[in-house]
Structures are given as structure tokens and as C-alpha cells.
Amino acid sequence: MNKLKLHNTLGNKLEEFIPINIKNIRVYACGPTVYNYAHIGNARMAVVNDLLVCFLRTIYPKVTYVSNITDIDDKIIAASEEKNIPIKELTKKFTDIYNEDMSVLGVSLPDIQPKATDHINEMIELTKLLIQNNFAYEKEGHVLFDVPKFKDYGSLSGRNRDEQIIGSRVEVAPYKKDPTDFVLWKPSPAPKPGWESPWGFGRPGWHLECSAMSEKTLGLPFDIHSGGADLIFPHHENEIAQTCAAHNNTHDLKSFAKYWFHNGFVNVEGEKMSKSVGNIRLVNELNKEFKGEVLRLTLLSAHYRQPLNWTRNIIKQNSTMLERFYRNLKDLENIDAYKDNDQIDDVVIEGLYDDLNTPKVIAELNVLSNQLSSADNKMKSRIKYNLLEVGKIIGILQNNPDTWLGYGKSAILDETTIERLIKERNEARGNKNFDLADQIRDELKEKGVEIEDTKNGTIWKSV
RNA sequence: GGCUCGGUGGCAGAGUGGUUAUGUAGGGGCCUGCAAAGCCUUGCACAGCGGUUCGAUUCCGCUCCGAGCCUCCA
């Protein structure tokens, strides 16, 4: 029996996943700040977590997946002012675009997608608790978390407070008692948006929302808390401090979430993706050029914790691979997907159990694909079963092969015309008039129709 | 400066103390009138230097190089 192992950032090692409550696995992923189009890095987080949740669902009867939308934040305020669009309108627009773009990549909506602005009260209550427990203090309209009081601060990211102060490159705000203290609540002078609170009109600090929303939607403790690797510090470190301190569980960091799951970064053509370099790859743009399934497979072509270097070349390679799988499925269209024990081959599925090793899984699918040429019908049936069932988990190969490959569909020519031309060409071939035959083929190619002569006759597809 | 994580064949990317990763690209061949697809076949690897070992790409140490975080960031 396979056991799921996941890398836990809290402890920094591979651990067997043991659910808190086997009847309901609870997962929280830090979602996007919605002030712009999502880029391929956002997509990696969404796809990896979608895979995690989808795989968990094959093991456990119920999984509750929560991923938030951050809809109040300095960058949003700045974007709203710059574009002169009300914040609500801006965040609604980019939330919708985010969900749409992700769905093209085969990412399902989370079960709950809470918004920060719907949880201001919870954040205020949490802040009150922290003040009450003497882990937070108010100064100049700010409420700050008193980091030195939290002994285990830094455990997640593996750094200690002193080193951090020495290495710090930022000026310390005058209202902070300690350089590492962070904001829970801050003043928000009009026209900036804000809410009434015991500490005056203001808005929450960034880290507070995820502490509030995860507790509200999932209860404490929950199983897995995830996000991009850059969130380890300070965001997740601060979340742990807030939640544990608010509940006086400062000696048990796992009283918040048991497993911390982080995906690696996406680089672009070997460089960090950043606005200054101008190499941000937006999902919205990529979706216009490539099939979502190709992008998804490309995102899963490296292990989720490894950096992924996003280049045109790897998209092309994965596209070719995916097309081959679909050709396999096309060749297998008259074979039923079936396997005696109704189980995915162990050698194939074990990669997923081993910290979601998708490159291993994909490699094993290729091994199966290579066996097709010499397979009998029983074997073919098994291979088809594996392709489809594993594809279901990792989010590929669920389309109709004909549709995916473009067989029998053309945007330019109508079917009758194509069939007539193919017939004329085959007549020409029969008469050994190959010049005419090739001429017809070229003509079709020009109109985006490619033909293949198979032993069952000529078939055509759009390219 | 501190804390992480890496350096595998043209490219991408797993893994392992001794045996083929896998894909893609390239070479050769088969099939085809020719294509396309398919099939067969074939190069090319484990940054460097030490150590442990019968044996290391895999473990340990050092060196070099790269990336991320420490400030908003997926």
C-alpha cells in the first residue's frame, strides 16, 4: 500500500502525510492579490495545489480546499488610483479573470474562495485577542505584533531574529518596538479605504487575513497550508506567529497547520520574472497562443519544488509529448480502457505518492506509450486505462482525441470540399499522377488542412 | 552578511552506492510514390578537487558557479 509523502517546510523534510481527520482533509492555499492579470508563476501555484487536492481526493473521501482572494492591499490601492477605477470594480474584474484563466489550465475552483474584505471583523477580533494575550501592542494608530515575545519565531523559514536584524536592509519604522515587529492593523487616512476599529479608522496588515480566513473556513488545526516559496518568509512565518499566539499555543506551531507545502519559482528564459526586466508571462496571453492543457503539462514537467525555467522550447517539447499521447488514445479508440483490478499500475502512481513527483509519473506514461507497438489487446486496454486515469489526476488527456488533434474540423474549408479534394488526390495517386496529388496536398496545407495517408485511408486535420 | 535550494547528456528533467530513466532535438534504417504519422536503431551525462568504500553521479568535506528569501512578490 502506497503512503503519501510530502515535503513539510515546517521541519524541512519529507514526511508521511497523516490526516488530522481522515473524513475531511483540509487544505488552505494563499491565493492571488487581484490587481492585475495572473502570471505563469501564479498559475504554477494554482496548478500544483489543484493537483495536490485532486490527488488527495483519490485517497480520502473528502477534501475541503480553500484558497483566498486578497482584495485589499497597498498594490491594489495604487492600481486603483493609477487606473482611476474603484477598488471593488478592479478586484472583481481581476478575480473573474483569474478564475477564468485558471479554468483554462484545468484548475477547479476551490471549495471556498474567501475574500479578505469579507473578513475584516474576524481580523479585528484576532487582533484583539493578540493584544489581550500580550503579543501585540498599539502605537501611533498601528497595532504591531511583538515578535520578541514569540520565542519560536523563525522556525518555519529557519532563521533567527538576531541574524535577521543584522542583515536587514530596510529602515525600521519609528513606531516599532523591535525591528522585526510587523503590522497587524494600520491607519488608513481618507481617501484610502478602511474600516472602523478599536484603534481608529484603518486597514489590516497583509498577513492577518490568511490567519483569519483559514481559521474561519477550516477550523484549527488544519492539514496543509500552501503557497509560493516566497511566502515562507515573512508571510507564513507571521501567520504562524499570529494564529498560535492568539490561541496561546506558542509552544505548538502545528496547532495552526500541520504541513506546510511550498512550490518553487518560475523563471523566464533563465531570468527572474519581474516587471523591471519586462519578462512577465501572463496566463491570459499564453492562453491565446497555447492550449491550456499544454501549459498545464509544462508546469508539471518539473517537480513542484524545483525552479521551473519557462521557455518556448519546453512548451514545444511538452506540446509534442501531449500530442503523442493523444495519438496513442486515438489509436486506442476501439479498445476499452480496462484493467482487472481497476488500479493504476503501481510503478506509475507511486511517483505521485512520493511528494508529487510528476516528472516521474509522466516518464512512466511514456514508458507505457512505448510499449504500445508490441502490445496485445489486453495490454493495450491496460495502457489506455493508465493514460486516462493518471491523466484525470494530473489534469491531462481528458479531451476527445479527434477534437484535440483537430481531426475532421476546419475553420476555413467546409468538409465536403475537403473530402472532394482528398478524393481527387487519391484518384490522381491511383493514376500515378503524383504531381497533381502533391499539388492538391499543398493546396490543402495552405488552407490549414493537413492530410495523413493511413492504412485505413486518408484522414485530415486542421493545424 | 545570514538562511535556504540547486549544478545530470544539444535542450528539458527524474533517479540511484554497483545494472536502460523518460521526453525532445540529432544520426542511421524500415514503412510510404513522396509527405505526415508510426516502427527499429544509435551518439552524447552526472561542475571541480579531495575523502569514505571492493565500488560513487548517488554519502561526507572543500572549492567554484547559479537561484531564491532576508523589502512588495506565486
Side-chain angles (χ1 to χ4, degrees), chain A residues 9 12 29-33 35-36 38-49 70 73-75 78 154 157-160 162-171 180 206 226-235 237 262-267 270-275 280 297-298 301-303 305-325 327-328 330-331 351 354 357-370 372-374 405 428-430 432-435 437-438 441-442 445 450-455 458-461 463:
Chain A
T9 310
N12 200 19
C30 282
T33 303
Y35 65 103
N36 202 342
H39 54 65
I40 195 69
N42 297 305
R44 188 180 195 191
M45 171 265 156
V47 166
V48 165
N49 279 280
T70 296
D73 156 280
D74 291 359
K75 292 191 296 298
S157 53
R159 53 190 93 206
N160 73 52
D162 298 338
E163 283 163 354
Q164 215 190 293
I165 294 165
I166 293 162
S168 180
R169 289 188 244 123
V170 277
E171 237 173 272
T180 57
W206 170 41
S226 63
D230 56 320
L231 296 184
I232 296 170
F233 190 92
H235 186 55
E237 197 76 72
H262 294 99
N263 63 274
F265 257 51
V266 178
N267 296 318
E271 278 189 290
K272 180 176 175 169
M273 184 164 56
S274 72
K275 269 185 195 157
I280 306 266
L297 182 62
T298 304
S301 68
H303 182 88
R305 284 193 287 116
Q306 293 301 123
L308 177 64
N309 188 21
W310 191 260
T311 62
R312 289 194 78 84
N313 192 31
I314 63 162
I315 304 172
K316 189 168 155 273
Q317 289 183 6
N318 282 285
S319 175
T320 306
M321 191 201 296
L322 198 51
E323 182 162 328
R324 192 165 81 108
F325 284 141
R327 278 185 191 280
N328 292 156
K330 165 92 178 145
D331 292 343
D354 186 16
N357 190 342
T358 48
K360 173 74 161 63
V361 173
I362 294 163
E364 292 302 335
L365 291 182
N366 277 301
V367 171
L368 288 179
S369 167
N370 291 337
L372 273 174
S373 57
S374 58
L405 294 167
R429 289 170 72 210
K432 300 226 185 294
N433 187 351
F434 296 122
D435 285 346
D438 290 350
R441 182 169 63 197
D442 292 345
K445 180 96 189 247
E450 208 166 77
I451 56 183
E452 297 173 24
D453 296 321
T454 74
K455 58 179 184 289
T458 303
I459 56 175
W460 61 275
K461 63 172 184 164
V463 286

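Throughout, protein chains are lettered first and strands after them, A, B, ... in sequence-line order, and every chain is numbered starting at 1. Just so you know, these numbers come straight off a predicted model, no measurement behind them.
Taking side-chain N and O atoms only, A/Asn12 has a distance below 4.0 Å to OP1 or OP2 of B/rC5. When the side-chain nitrogen and oxygen atoms of A/Asn42 are compared with OP1 and OP2 of B/rA74, one or more of them lie within a distance under 4.0 Å. Contact annotation: A/Lys272 side-chain N/O to B/rC69 OP1/OP2 distance is under 4.0 Å. Applying the 4.0 Å criterion to OP1 and OP2 of B/rG15, one finds that A/Asn357 has a side-chain N or O inside that range. Here A/Asn49 does not reach the OP1 or OP2 of B/rA74: none of its side-chain N or O atoms lies under 4.0 Å away. At the phosphate of B/rA36, neither OP1 nor OP2 sits under 4.0 Å from any side-chain N or O atom of A/Trp460. Between A/Ser373 and B/rG38 there is no side-chain N or O to OP1 or OP2 distance below 4.0 Å.
One atom, CD of A/Glu452, and another, C1' of B/rA37, lie 5 Å apart when rounded to the nearest Å. Here B/rA67 presents its C1' atom at 14 Å from CD1 of A/Ile232, a figure rounded to the nearest Å. For the pair A/His303 NE2 and B/rC5 C1', the computed distance is 12 Å after rounding to whole Å. Rounded to an integer number of Å, the gap from CG of A/Leu308 to P of B/rG23 is 20 Å. A straight line from CD1 of A/Ile315 to P of B/rA12 spans 14 Å, rounded to a whole angstrom. Between A/Phe325 atom CZ and B/rU22 atom C1' there is a gap of 9 Å when expressed in whole angstrom units.
The side-chain heavy atoms of A/Ile314 and A/Leu308, taken from C-beta on, include a pair separated by under 4.5 Å.
Comparing A/Ala437 and A/Asn328 against RNA chain B, the residue whose closest nucleotide sits nearer the 5' end is A/Ala437. Closest-nucleotide positions on RNA chain B for A/Ile362 and A/Lys461 were compared, and the one nearer the 5' end corresponds to A/Ile362.
Within 90° of 0 lies the glycosidic angle of B/rG43, which makes this nucleotide syn.
Taking atom C1' on both B/rU4 and B/rC39, the two are 47 Å apart, rounded to the nearest angstrom.
Here the nucleotide nearest the side chain of A/Ala302, chosen from B/rA36, B/rC73, B/rG13, is B/rG13. Counting only heavy atoms from C-beta on, A/Ile314 has its side chain closest to B/rA12 among B/rA12, B/rC72, B/rA74. For A/Arg324, taking side-chain heavy atoms from C-beta onward, the closest of the listed nucleotides B/rG33, B/rG38, B/rA36 is B/rG38. In this structure, of B/rU24, B/rA12, B/rA36, it is B/rU24 that holds the atom nearest to the side chain of A/Thr320. Looking at the side chain of A/Ala363, the nearest of the listed nucleotides B/rU22, B/rA12, B/rA67 is B/rU22. In this structure, of B/rC69, B/rU22, B/rA14, it is B/rA14 that holds the atom nearest to the side chain of A/Lys360. Proximity note for A/Arg159 (side chain, C-beta onward) versus B/rG2, B/rG33, B/rA12: the nearest is B/rG2.
Residue A/Arg305 is classed as having no contact, given no heavy-atom separation below 4.0 Å to the nucleic acid. No contact: A/His235 has no heavy atom under 4.0 Å from any strand. If you check every strand for non-hydrogen atoms under 4.0 Å, A/Asp438 touches a base. Counting non-hydrogen atoms under 4.0 angstrom, A/Asp331 reaches nothing in the nucleic acid. Heavy atoms of A/Gln306 sit under 4.0 angstrom from primed sugar atoms or phosphate atoms, though from no base atom. Contact annotation for A/Arg327: backbone-only contact, meaning every heavy-atom pair under 4.0 Å involves sugar-phosphate atoms and none involves a base. A/Ile451 comes within 4.0 angstrom of a nucleotide base, judged by non-hydrogen atoms across all strands. Heavy atoms of A/Gly41 sit under 4.0 angstrom from at least one base atom.
Here the shortest heavy-atom pairing between A/Arg44 and A/Gly264 reads NH1-O, 3.1 Å. Between A/Ala437 and A/Ala428, the closest heavy-atom pair is N-CB, 4.0 Å.
In the model, A/Ser226 has a side-chain atom that pairs as donor or acceptor with a side-chain atom of A/Asn49 under 3.5 Å.
Across all strands shown, B/rG66 pairs with B/rC5; the Watson-Crick or G-U wobble distances both stay below 3.5 Å. Across all strands shown, B/rU22 forms a Watson-Crick or G-U wobble pair, both distances under 3.5 Å, with B/rA12. Across all strands shown, B/rG61 is found opposite B/rC49 as a Watson-Crick or G-U wobble partner, with both distances under 3.5 Å.
Salt-bridge formation is not detected for the pair A/Lys330/A/Glu452: no Lys NZ or Arg NE/NH1/NH2 atom is positioned less than 4.0 Å from an Asp or Glu carboxylate oxygen. Under the 4.0 Å criterion applied to side-chain N and carboxylate O atoms, A/Arg441 and A/Asp438 are assigned as salt-bridge partners.
Judged by distance alone, the side chain of A/Thr320 and the main-chain N or O of A/Lys316 form a donor-acceptor pair under 3.5 Å.
A stacked arrangement is not assigned to A/Phe265 and the six-membered base ring of B/rG68, the conditions of a centre distance below 5.5 Å and an interplanar angle below 30° not being jointly met.
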